[in-house]
Amino acid sequence: MTTHYLRVWKHYHWAFFTLIQGLSLALICFERSLQKKNLKQAEIFLKAAADMMMGSGAAMQLAGSFKRHHYDREIRPTMAPPYVASEEFSGLSSVDHAFLVSILD
């Protein structure tokens with residue numbers, strides 16, 4: 001049974017991952033625009049990247065907008081076996097997050 005807190009957690013994480021995918025694309029386009037010396041276009045992509053960065057931060061704040069005991073009892077258990085294969089499941093190890101970090105590095 002999916003609880004209210006688990007739905008909130010999932011939905012805002014989906015928004016977060018959508019935003020960091022967009023952020024990755026905006027940063028790639030920003031860099032390419034700079035390489036082409038198209039500063040007007042680079043400015044547009046940098047603004048889009050900044051907006052998505054702010055939005056991803058807001059999504060994560062909303063994803064955790066409940067008491068710690070709700071996380072410990074209702075959410076964290078769904079990120080451990082038998083629900084996932086890994087004992088150390090974390091969004092930090094996602095492909096999308098790793099790609100964004102590689103761009104920012």
Decide yes or no for Ser56 and Met53: does some side-chain heavy atom of the first lie under 4.5 Å from some side-chain heavy atom of the second? yes
Rounded to the nearest 0.5 Å, what separation is found between the NE2 atom of His4 and the CZ atom of Phe66? 8.5 Å
For Ala15 against Ala59, the heavy-atom pair lying closest together: CB-CB, 4.3 Å
Can you measure from CZ (Phe45) to CG (Leu23) and round to the nearest 0.5 angstrom? 13.0 Å
Within the supplied structure, the quantity of interest is the number of heavy atoms (other residues, nucleotides, ligands) at a distance under 6.0 Å from Arg32 CZ; does it exceed 12? no
I need the Lys47 NZ to Ile44 CD1 distance, nearest 0.5 Å. 11.5 Å
If hydrophobic clusters are built by linking Ile, Leu, Val, Met, Phe, Trp and Tyr wherever their side-chain heavy atoms come under 4.5 Å apart, do Ile103 and Leu46 end up in the same one? no
Same cluster (ILVMFWY, side-chain, under 4.5 Å), Phe17 and Met52: yes
OG1/Thr3 to NZ/Lys10 distance, rounded to the nearest 0.5 angstrom? 9.0 Å
Minimum heavy-atom distance Tyr83-Pro77, with the two atoms named: CD1-O, 3.3 Å
Do Leu34 and Leu39 make a side-chain contact, defined as non-hydrogen atoms from C-beta onward lying under 4.5 Å apart? yes
What distance do Ile75 atom CD1 and His69 atom NE2 have between them, rounded to the nearest 0.5 Å? 10.5 Å
Look at the rings of His70 and Tyr5 and say which category their plane angle falls in: under 30° parallel, 30 to 60° tilted, over 60° perpendicular. parallel
With a 4.5 Å heavy-atom cut-off, do Val8 and Ser65 have their side chains touching? yes
Measuring from atom CZ of Phe30 to atom CD of Glu43, what distance do you get when rounded to the nearest 0.5 angstrom? 10.0 Å
Does any part of the side chain of Leu27, heavy atoms only, come nearer than 4.5 Å to the side chain of Leu100, both counted from C-beta? yes
Parallel, tilted or perpendicular, judged at 30° and 60°: which one describes the rings of Phe16 and His13? perpendicular
Check step by step if side-chain contact (heavy atoms from CB on, under 4.5 Å) holds for Val95 and His97. CA-CA 6 Å; Val95 172; His97 186 267; over 6 Å; no
Is there a side-chain contact between Glu74 and Leu6 in this structure, where contact means two heavy atoms from C-beta onward sitting under 4.5 Å apart? no
How about Ile28 and Phe99: do any of their side-chain heavy atoms sit closer than 4.5 Å? yes
Closest heavy-atom contact between Asp96 and Gln21? OD2-NE2, 3.0 Å
Leu19 and Leu104: same hydrophobic cluster, using ILVMFWY side-chain contacts below 4.5 Å? yes
